[in-house]
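Encoded as structure tokens, the structure appears first; notes follow it.
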Amino acid sequence: MVKSKAVFFDRDGTLNYLIDNRAPWGFNEFRFIKGATEAVKIVKDLGYMVFVVTNQPDVKDGKMAMDTLIEITKHLEMELEIDDIMIAYDRDSKLYKPNTGMLEQLIDKYDIDVESSFMIGDRWKDVLAGNRVNLTTMLLGDYDKCLYTKPDYAFGNILEACKFIGDKYD
């Protein structure tokens with residue numbers, strides 16, 4: 001059987017805007033980054049599965065209600081036609097990026113070919129997690145934002161990254 005290819009997206013700062021360098025704490029603060037909807041559609045149309053892997057410690061820290069996170073997650077899933085979303089709440093968890101638990105679980109669950117798949121995020125933790133499981137990594141922003149590890153590519157925005165996947169890899 002042929003393995004699936006996938007694009008793993010971070011959420012905050014990648015698919016939606018940050019609010020003062022933090023995740024949105026209310027549904028009214030949640031806004032998709034310009035080009036995010038089109039970017040996800042590009043990779044979906046190319047036959048990639050689409051996953052979101054996101055650290056959300058603000059729920060455990062009491063800064064965000066679980067109901068709000070559920071509402072945002074459902075909205076994200078519906079609007080972007082996400083295949084699956086994994087959320088890490090606990091900074092000490094093997095799921096919490098830069099640890100690889102979320103990526104490994106999705107790779108196993110959906111039989112993903114890591115050599116044909118990508119991790120896109122805006123922080124070094126996203127890149128390091130992707131590098132640790134041998135995904136092609138894409139940083140949104142400048143290479144110098146990336147501590148401890150280097151991405152395979154850096155782009156100014158999510159749309160550029162996804163167009164590049166279409167141009168170079170399909």
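Throughout, residue positions are numbered sequentially from 1 according to the sequence presented.
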Open item on the list: If we count only N and O atoms by modelled type, under 3.5 Å, do the side chains of E29 and N16 hold a donor and an acceptor together?
Closed with: no

Open item on the list: Would you compute the distance between atom CG of N134 and atom CG of L103 and round it to the nearest 0.5 angstrom?
Closed with: 11.0 Å

Open item on the list: Please tell me whether I82 and I42 are part of a single hydrophobic cluster in this structure, the criterion being side-chain heavy atoms less than 4.5 Å apart.
Closed with: yes

Open item on the list: Tell me whether D167 is salt-bridged to K163, with the criterion being a basic N under 4.0 Å from an acidic carboxylate O.
Closed with: no

Open item on the list: Between D10 and K97, does any NZ, NE, NH1 or NH2 come within less than 4.0 Å of an OD or OE carboxylate oxygen?
Closed with: yes

TODO: Give the minimum heavy-atom separation between T100 and R132, together with the two atoms involved.
DONE: CG2-CB, 3.5 Å

Task: K5 NZ/CZ over Y48 ring centroid, <6.0 Å and within 45° of normal - done: yes

TODO: Enter the distance from K63:NZ to T68:OG1 here, rounded to the nearest 0.5 Å.
DONE: 15.0 Å

Open item on the list: For a quick check under 3.5 Å, do S93 and D90 share a side-chain donor-acceptor pair by atom type?
Closed with: no

Task: Side chain to side chain, R123 and L139, heavy atoms closer than 4.5 Å - done: no

TODO: Compare every heavy atom of G13 with every heavy atom of L140, then report the nearest pair and how far apart it is.
DONE: CD1-O, 4.4 Å

TODO: State plainly whether the residues E115 and K3 are in salt-bridge range, i.e. N to O under 4.0 Å.
DONE: no

Task: Ring-ring centroid check F8 F118, cutoff 6.0 Å - done: no

TODO: Examine V43 and F155 and state if one hydrophobic cluster contains both, with Ile, Leu, Val, Met, Phe, Trp and Tyr joined whenever side-chain heavy atoms are less than 4.5 Å apart.
DONE: yes

Task: V52 reachable from M49 in the ILVMFWY side-chain graph, under 4.5 Å edges - done: no

TODO: Dump the intermediate steps for side chain to side chain contact (heavy atoms under 4.5 Å, CB included) on R11 and Q56, then the final yes or no.
DONE: CA-CA 10 Å; R11 194 190 87 176; Q56 294 297 322; 3.4 Å; yes

TODO: Side-chain contact test, heavy atoms from C-beta onward, threshold under 4.5 Å: evaluate it for L106 versus M86 and give yes or no.
DONE: yes

TODO: Considering non-hydrogen atoms only, spot the tightest contact between I120 and A161 and give its length.
DONE: CD1-CB, 4.2 Å

Task: Basic-acidic side-chain contact under 4.0 Å: D61, R91 - done: yes

Open item on the list: Ring-plane angle category for F51 and Y110, please: parallel below 30°, perpendicular beyond 60°, tilted otherwise.
Closed with: tilted

Task: Which atom of N99 lies closest to which atom of A129, heavy atoms considered - done: O-CB, 3.8 Å

Open item on the list: Looking at every heavy atom in both W25 and M64, which two are closest together, and how far apart are they?
Closed with: O-CG, 3.8 Å

Open item on the list: In this structure, would I87 and F9 fall into the same cluster of hydrophobic residues linked by side-chain contacts under 4.5 Å?
Closed with: yes

Open item on the list: Is there a continuous path of hydrophobic side-chain contacts, each under 4.5 Å between heavy atoms, that joins Y89 to V53?
Closed with: no

Task: Mutual orientation of the aromatic rings belonging to F30 and F27 [parallel < 30°, tilted 30-60°, perpendicular > 60°] - done: parallel

TODO: Supply the atom-to-atom distance E81 CD to T37 OG1, rounded to the nearest 0.5 angstrom.
DONE: 10.5 Å

Task: Minimum side-chain heavy-atom gap I85-L76 below 4.5 Å - done: yes

Task: Point-to-point distance, once rounded to the nearest 0.5 Å, from CD of E71 to CG of N28 - done: 9.5 Å

Task: Distance-minimising heavy-atom pair for A6 and S117 - done: N-OG, 2.9 Å

Task: Working for salt bridge (charged side-chain N to carboxylate O under 4.0 Å, His left out), residues R22 and D12 - done: CA-CA 8 Å; R22 64 163 171 82; D12 303 314; over 6 Å; no

Open item on the list: Once rounded to the nearest 0.5 Å, what's the spacing between atom NZ of K109 and atom CD1 of I107?
Closed with: 13.5 Å

Open item on the list: Walk me through whether D152 and T137 qualify under side-chain hydrogen bond (donor to acceptor under 3.5 Å, both in side chains).
Closed with: CA-CA 5 Å; D152 294 301; T137 53; 3.2 Å; yes

Task: Trace of the side chain to side chain contact (heavy atoms under 4.5 Å, CB included) decision for D126 with M138 - done: CA-CA 9 Å; D126 306 314; M138 298 179 160; over 6 Å; no

Task: Inter-residue atom distance T14.OG1 - F32.CZ, 0.5 Å rounding - done: 12.5 Å

- [ ] Give the intermediate values and the outcome of side chain to side chain contact (heavy atoms under 4.5 Å, CB included) for residues K34 and L159.
- [x] CA-CA 8 Å; K34 183 180 178 192; L159 189 54; over 6 Å; no

Task: Pair I165-V7, side chain to side chain contact (heavy atoms under 4.5 Å, CB included): steps then yes or no - done: CA-CA 10 Å; I165 291 171; V7 179; 4.1 Å; yes

